[in-house]
Amino acid sequence: MRKRGLALLAAALLAAPLASTPAHAADPEYPFRDPSLPLETRVDDLVGRLALDEKISLLHQYQPAVPRLGLGVFKSGTEALHGVAWSNSYTQNGAKIDATATVFPQAVGLASTWDPELLTRVGAAVGDELRGFHAQDPVVWGLNTWAPVVNLLRDPRWGRNEEGYSEDPLLSGAVATAYGKGLQGPDPDHLKTAPTLKHYAAYNNETKRDVTSSNVPQRVLNEYDRAPFKAALENDAATGVMASYNLINGRPATVDPDLETIVRDWSDRRLYNVSDAWAPTNLTGSQAYFATQAEANAAILKAGLDSFTVNDTNAAPTVTAINEALQQGLLTEAEIDESVGNALSIRFRLGEFDPDGGPHADITPDVIDSPAHRALARETAAEAAVLLKNDKNVLPLKPGGDVAVVGPLADKLYSDWYGGQLPYEVTVLDGIRERAKAVTTSAGADRIALKEVTTGRYLTATDGPAGLGTTTATTAAQFDSVDWGDGVSTLRSAANGKLLGYNWGPFVTAEDDPTGWFVQQQFKVEEQPDGTVVLRYAGYETQESWFGANTYVTVGADGNLALGAADAAGAARFDKTVITDGVRAAADAARRSRTAVVVVGTDPFVAGREVHDRTSLGLGERQEDLIEAIRRANPNTVVVLQSSYPQSITWAQRHVPGILWTTHAGAETGHAVADVLFGAVNPSGRLTQTWPRSESQLPEDLNQYDIVKTEQTYLYSDEKPLYSFGHGLSYTKFRYGSPAVKNGRVSVTVTNTGSRAGDEVVQLYTRQRTSRDVTPHRQLRGFQKVHLAPGRSATVTLDLDRNDLARWDVTRQRWVVENAVHDILLGSSSSDIRARATLAVRGETIPARALTEETRSETFDDYQGVRLLDETKERGTVVGASAAGDWIAFKDAALRGGRTLTVRASGAGTVEVRLGSPSGRLLGTATVSDTGGIYRYVSATAPLTPVTGRHDVYLVPGPGLRLATFSIT
């Protein structure tokens, strides 16, 4: 339940008549407009003055005006992940309105700074700019931000990797807290903006994201997936959460009871929780969880969401369904009041109902892309860059040298779906030109021509439909091809500089860059056994069930390109001619220069993005070719990798002396990269997730959320990665002294032993030596970035309370600190430990399981094959077998000769009890007859062979059965 004050209005204040209020303005004497009153008093006063239909209208994303009370339109959800990005128009049916604003590094880049103080400043700048936009148009630019994203980066193949911070819960929570604090501003009573944490919870896959269920055992859910949300809310750095699209243990996250219970208990304030876009209708559509929208909307409100993001600006379907729910007794007006109060609470805190608009009302549009914010963007982009490799001190470069800057990202910057429009661009080429004496460049893209084999005419595209043109490869028939990975390329017309795209037909060259929700400028150029190629259209809409089978390019009777074939056999065939070998041209430029900087990476809109996971971790094949060719041409090669996620650049790591990684870091990317390359900034960024050598080091299925069972992330993996969590080099060296562990603190002296000033990120890890359960190999417990001049030392002190070492005990379903010795590990990354100590912690010894008590099946210690499912639509988790032989294990159980097994289950089937293993000694079998429905549970008993002593007990449920609880008595 929400935590709220007990202050109430005096009866005389509540008696103010509504009828006396003019329709066009609110009475300024209304108590809800009095800032001196407690927030709860003001909220209750306003809710009490609203008619029922007015209250219901405020539950939609677009809260309409209530003129008689002086309430204006309020829109929830402005995207501000790494700068003000976009919002939607209230007057244009939700049309996307892009912001041209300061764009900071992508979220994973912000986290790579490991610098909470800096990120608070970034959040404050973004909050200022949103206030500036709000001053221009308060209806479009609502002050409720849908940021930050705190979903953990469990698997780098996730299409939204760029939106998250880290694979580590502590780091993600710290970064979210810092950014959220900046967005909110320092005033405890007045918000600059109202940040919303996305997306609760256990959400890391895009393929079929609305119908896949994340199988998350209790330990993983509590220790991992919930942790960053909890950190930000406990630290008062967010005003609510957005529910995710997926199901969690069989129940749609949109109706997850955590939203009303656990999540609200993490904060001392009222929270405003929202649905993701169109998720309310998934409940009756793709998820088929409820028969009617009235049932669905009632469940959404009861579960703890306060806002329906659906039907664009049309609130009528939402209002109608909620009214039906009220009429059917599925909701009460008191429940409506609760959610409406939550929605209004942030409007009060934003100052909307204060006579002066609150302390942030005087922020003007002048702050947008201000010189100060440009400087901050440059500082942040430089601090986010991670030096991955620097053999023989190839970096920093000396100013005034001769440099070849090559590659598809050398003179190009990209933003992403949740980034704003760049107000200007400083590319890497621009930044290097400001420092180098002579610069040569080449994009490294192959210029190709495609001749249709039956007609001998070339694919041509300029200003009209793309089709077959002349029999000669004129400029209009030439395209620059860039391979972005996963076999996906873009084709840019040499004639007009535009990308070839489907555009819902006919094919045209119209866009400067890949764009739109369904990116329609993506192709796979597939080689055929006869030496020809075919074009497979790879726009994101081709993955939708409604698109149809035809994804291969054909030529229509009018000579224009079309989508007319479901496979390569029916596609148009082309002879591909390479007009210019981009790799060779770039290598020639590199060969003539003293140093070569090859800039490769990703386009955030292509081959991986929201609704589109990646299948591999590799760069595009031709980009790999480019790196190899440049390195062969010039031994002084530096790779600058701009990407939104880890890349398996194993060849470069073995052969290229210098590698610098950055996210897509905004308009100041080129200045920041050059600052690092030429030593004006000593690199201090650190990786926030493990970089595998290849996807073979990851689970076969992206949709495996149990990081303990599948040994994912640096916490549990035994694999040797390409780069470890926390990795990052500096142009100087640091020495660690002997650590001291005392009174809940760990201290260590760090000395800069090099000749340059630099920043070291001191990382504190612990490892629990003994435990009843599997525990992490090491786990981040704290960090601090410290700046040191050459030869100088500083003592870094990090808090380490014994409660920080708590973990989830499934046997008693609570947090526990075990009696154990912990290794204290300090270093520059999770694999570069420089100092060690030990800490003996006096805690508990987890007792043997007492299976005589009713035991929830979900509290197993181990399992194979089973799925976690919803006990009811409202709450609870049960276990269901996917196939015969699936099992769950309860380790170290104290058996006392029990003769009876009692199970509570639904469905139909059997439950075997075995000793020691899934195929061990059979003690007995309970049979459950058909209960008549998956949510109708019955109890069944069976005799058992009595056994005493401490044993591992295995339950083997049959397919078709949902096991809720059991006991052995």
Distance-only polar pair, side chains of Gln712 and Thr710, donor-acceptor under 3.5 Å: yes

Heavy-atom pair with the smallest gap, counting every atom of Asp210 and Ser286: OD2-OG, 2.6 Å

Residues that Asp862 engages under side-chain hydrogen bond (donor to acceptor under 3.5 Å, both in side chains), provided they are two or more places apart: Lys709

Salt bridge (Lys or Arg N to Asp or Glu O under 4.0 Å) partners of Asp613, counting only residues at least two apart: none

Ion pair check, Asp225 and Arg154, cut-off under 4.0 Å: no

Under the ring-ring contact (aromatic ring centres under 6.0 Å, His included) test, residues paired with Tyr245 that sit two or more places apart: none

Residues Asp870, Arg875: salt bridge by 4.0 Å N-O rule: no

Ile336 versus Leu331, closest heavy-atom pair with distance: CD1-CD1, 4.0 Å

Heavy atoms from other residues, nucleotides or ligands near CZ of Arg899 exceed 12 (cutoff 6.0 Å): no

Arg849/Asp861 ion pair, N-O < 4.0 Å: yes

Scan the side chains in residues 950-957 for donor-acceptor partners under 3.5 Å anywhere in the protein, sequence neighbours excluded, and list what turns up.
from: Arg950; atom 1: NE; to: Asp892; atom 2: OD1; distance (Å): 2.9
from: Arg950; atom 1: NH2; to: Asp892; atom 2: OD1; distance (Å): 3.3
from: Arg950; atom 1: NH2; to: Asp892; atom 2: OD2; distance (Å): 2.8
from: His951; atom 1: NE2; to: Thr948; atom 2: O; distance (Å): 2.9
from: Asp952; atom 1: OD1; to: Asp892; atom 2: N; distance (Å): 2.9

Nearest-0.5 Å distance, CG of residue Leu868 to CG of residue Asp706: 9.0 Å

For Ala964, all residues meeting side chain to side chain contact (heavy atoms under 4.5 Å, CB included), sequence neighbours excluded: Glu871, Val878, Arg904, Tyr937

Closest heavy-atom pair and its distance - Thr177, Ala231: OG1-O, 3.7 Å

Val310 vs Thr318 side-chain heavy atoms within contact, under 4.5 Å: yes

Under the ring-ring contact (aromatic ring centres under 6.0 Å, His included) test, residues paired with Tyr272 that sit two or more places apart: none

Partner set under ring-ring contact (aromatic ring centres under 6.0 Å, His included) for His199, not counting sequence neighbours: Tyr203

Phe966 backbone acceptor or donor facing Arg856 side chain under 3.5 Å: no

Pairs where residues 287-304 contributes a residue and the test salt bridge (Lys or Arg N to Asp or Glu O under 4.0 Å) is met, not counting sequence neighbours: Lys302-Glu335

Closest non-hydrogen atom pair between Pro169 and Ala227, with its separation: CB-CB, 3.6 Å

Side-chain (Ser906) to main-chain (Ile934) donor-acceptor, under 3.5 angstrom: yes

Residue pairs passing the ring-ring contact (aromatic ring centres under 6.0 Å, His included) test where at least one lies in residues 211-241, sequence neighbours excluded: Tyr200-Phe229

Side chain to side chain contact (heavy atoms under 4.5 Å, CB included) assessment of Val263 paired with Leu233: CA-CA 8 Å; Val263 170; Leu233 289 171; 3.8 Å; yes

Those residues that, when tested against Phe860, pass ring-ring contact (aromatic ring centres under 6.0 Å, His included) (two or more places apart): Tyr863

Glu167 and Thr690 side chains, donor-acceptor separation under 3.5 Å: yes

Between Asn249 and Ser213, a side-chain donor and acceptor under 3.5 Å: no

Interatomic spacing from CG in Leu825 to OG in Ser830 - rounded to 0.5 Å: 10.5 Å

Basic-acidic side-chain contact under 4.0 Å: Glu844, Arg814: yes

Sequence-distant partners of Arg802, side-chain hydrogen bond (donor to acceptor under 3.5 Å, both in side chains), two or more places apart: none

For the student: nearest non-hydrogen atoms of Pro148 and Pro195, plus distance: CD-CB, 4.3 Å

Minimum side-chain heavy-atom gap Arg269-Asp236 below 4.5 Å: yes

Spacing of CZ belonging to Arg807 relative to OG1 belonging to Thr775, to within rounding of 0.5 Å: 7.0 Å

From CZ (Arg896) to OG1 (Thr852), nearest 0.5 Å: 5.5 Å

Closest non-hydrogen atom pair between Ala243 and Asp276, with its separation: O-CB, 3.6 Å

N/O donor-acceptor pair under 3.5 Å between Ser267 side chain and Arg264 backbone: no

Pairs flagged by salt bridge (Lys or Arg N to Asp or Glu O under 4.0 Å) wherever residues 241-255 is involved - sequence neighbours left out: none

Mutual orientation of the aromatic rings belonging to Tyr714 and Phe725 [parallel < 30°, tilted 30-60°, perpendicular > 60°]: parallel

